[in-house]
**Q** 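Dropping a structure here in structure tokens format, bear with me for questions.
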Number of protein chains: 2
Amino acid sequence: MARNCRFAVAVHVAALLAMEEQSRTSEWIAGSVNTNPVVVRRILSALAKAGLVISTRGINGGSTLAKSPERITLLDLHRAVDEEETPALHNQPPNPACPVGRNIQSVLVRVMDRAEAAKEAVLATTTLADVTGALRAATG
Amino acid sequence: MARNCRFAVAVHVAALLAMEEQSRTSEWIAGSVNTNPVVVRRILSALAKAGLVISTRGINGGSTLAKSPERITLLDLHRAVDEEETPALHNQPPNPACPVGRNIQSVLVRVMDRAEAAKEAVLATTTLADVTGALRAATG
DNA sequence: CCTTTATGTAACAGCTCTCGTTCCGATTTG
DNA sequence: CAAATCGGAACGAGAGCTGTTACATAAAGG
């Protein structure tokens, strides 16, 4: 599969907007991400639906953050662009006549939910302001 | 994408072997997982390479656990069957002429590594014996 | 040695997802 | 009305996963 890079692009786009004063067009953003403006607009559309950015059309149109970078976490961005990942279970339901097959999925769901929650807890501790701070430190 | 369900099958297979006294064939296992024996053998092959199961060919052949269920964690199973998931970054490298594009990936890798470590820490706390215990509790 | 049974694995088709692209309508400004 | 920009549909290319067939390899028993 072509690996899902929506989250990476979303963080990239949000970081760009956080570091820019003005509203920016999808074409300008695409220049930094090195992709097609439509790909950027798809990400921006998801972020807008989550209330993280605001976009306007027409001349002088473009996008800006809807909230301050301190109030946007990486978990917000992750949930905005990635489908709620149901824990990856069997494609075909297991054999219900087998004691293991009948109950394995509920056991799996419980563990995977805990693991996913731990991952999301880490993403929730990092804000967009942390990211731009790290970027400024790396730039020098 | 056809969602990756190797981890779910791996836990299922390992739980079956943990609850059976005897060596079991891939065909028998496939009956509980409800899939093709070759799919099961692919999982078993990965588990064998990780030193978690032992398989023998020929008449009376089949697979058994290589270690006691208390000494196999879900993290062991996860690492055995899932490619080392490099954090999902951009497909095309970002524009190096942009300060954000030049540094965003290293910042992303740092955060994603922490998030992945948190997830793996949860998987490491659950053993195959815990899984079979939950299965027995659900069955009985 | 030969038959039987089982694993190991390559090869292939079908499916789904993602991305990049083209295209067109809608909206805003002047 | 013209220009610029977003919104989003539609399509093809490419990649990964699963299920299947096919065949070589290996072990056990007569």
Side-chain angles (χ1 to χ4, degrees), chain A residues 1-10 12-13 17 22-31 33-50 52-64 66 81-95, chain B residues 1-10 12-13 17 22-31 33-50 52-64 66 80-86 88-95:
Chain A
M1 159 192 23
R3 181 137 43 260
N4 180 337
C5 60
R6 283 193 298 255
F7 176 62
V9 173
H12 189 153
V13 168
L17 294 181
Q22 314 165 13
S23 167
R24 290 297 183 181
T25 71
S26 62
E27 187 162 4
W28 184 89
I29 297 171
V33 179
N34 191 24
T35 184
N36 191 290
V38 175
V39 174
V40 172
R41 288 208 287 272
R42 280 204 276 251
I43 298 294
L44 284 170
S45 174
L47 298 183
K49 283 190 180 103
L52 302 174
V53 308
I54 294 172
S55 300
T56 57
R57 299 187 183 184
I59 297 181
N60 300 329
S63 300
T64 58
V81 298
D82 270 346
E83 306 305 313
E84 41 180 340
E85 22 188 316
T86 46
L89 294 180
H90 306 57
N91 278 348
Q92 309 286 42
N95 185 349
Chain B
M1 154 190 39
R3 181 134 45 259
N4 180 337
C5 60
R6 282 193 297 254
F7 176 63
V9 174
H12 189 154
V13 168
L17 295 181
Q22 315 164 12
S23 168
R24 290 298 182 181
T25 71
S26 62
E27 188 163 2
W28 184 88
I29 297 171
V33 179
N34 193 22
T35 184
N36 190 291
V38 175
V39 174
V40 173
R41 289 207 287 270
R42 280 203 278 252
I43 298 294
L44 284 169
S45 174
L47 298 183
K49 284 191 179 101
L52 302 174
V53 307
I54 294 173
S55 300
T56 57
R57 300 187 183 185
I59 295 182
N60 302 329
S63 301
T64 57
V81 297
D82 271 346
E83 306 304 315
E84 41 180 339
E85 21 187 318
T86 45
L89 294 180
H90 305 60
N91 278 348
Q92 310 284 44
N95 185 349

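We name chains A, B, ... by the order of the sequence lines, and we start the count at 1 in each one.
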**Q** In the 5'-to-3' direction, what one-character label does each nucleotide of nucleotides 22-30 of chain C receive under the scheme B = base within less than 4.0 Å of a protein heavy atom, S = sugar-phosphate only, - = no such atom?
**A** B--BBBBB-
**Q** In whole angstrom, what separates B:W28's CH2 from C:dT5's C1'?
**A** 18 Å
**Q** Could you work out, with side-chain contact (heavy atoms from CB on, under 4.5 Å) as the rule, every residue matching A:R41, not counting sequence neighbours?
**A** A:S26, A:P37, A:V38
**Q** May I ask you to say what B:T35 touches in the nucleic acid, namely base, sugar-phosphate or nothing, with a heavy-atom cut-off under 4.0 Å?
**A** sugar-phosphate
**Q** Rounded to the Å, how far apart are A:I54 CD1 and D:dG7 P?
**A** 12 Å
**Q** Does B:R6 reach a base, just sugar-phosphate, or nothing at all? Heavy atoms under 4.0 Å.
**A** sugar-phosphate
**Q** Ignoring the backbone of B:T25, work out which of D:dT18, C:dT7, C:dT21 is nearest its side chain.
**A** C:dT7
**Q** Within the structure, does a side-chain N or O atom of B:S45 lie under 4.0 Å from either OP1 or OP2 of C:dT9?
**A** yes
**Q** Roughly how many Å is it from CD in A:E27 to C1' in C:dG20, rounded to a whole number?
**A** 15 Å
**Q** Nearest-Å distance, CG (A:L89) to P (D:dC17)?
**A** 17 Å
**Q** Would you kindly give the CZ-to-C1' distance between B:R42 and D:dC17, to the nearest whole Å?
**A** 8 Å
**Q** B:L44 has an atom CG; how far is it from atom P of C:dG8, in whole Å?
**A** 7 Å
**Q** I'd like to know if the side chain of B:N34 and the backbone of A:P93 have a donor-acceptor N/O pair within less than 3.5 Å.
**A** yes
**Q** Can you tell which of A:I43, A:V9, A:V39 makes a side chain to side chain contact (heavy atoms under 4.5 Å, CB included) with A:V33?
**A** A:V9
**Q** Please tell me if the side chains of B:T35 and A:N91 come closer than 4.5 Å, counting only heavy atoms from C-beta onward.
**A** no
**Q** Separation of B:Q92 atom CD from C:dT21 atom P, in whole Å?
**A** 8 Å
**Q** I want to check one thing: is the phosphate of C:dT7, taken as OP1 and OP2, less than 4.0 Å away from some side-chain N or O of B:S26?
**A** yes
**Q** If you compare all heavy atoms of A:L44 against all heavy atoms of A:S63, which two are closest, and at what distance to 0.1 Å?
**A** CD1-OG, 3.6 Å
**Q** Any heavy-atom pair between the side chains of B:V81 and B:L47 that's under 4.5 Å?
**A** yes
**Q** Please report, rounded to the nearest Å, how far the P atom of C:dT7 is from the CG atom of B:L47.
**A** 14 Å
**Q** Quick one: list whatever passes side chain to side chain donor-acceptor pair (under 3.5 Å) with B:R24, sequence neighbours left out.
**A** B:E20
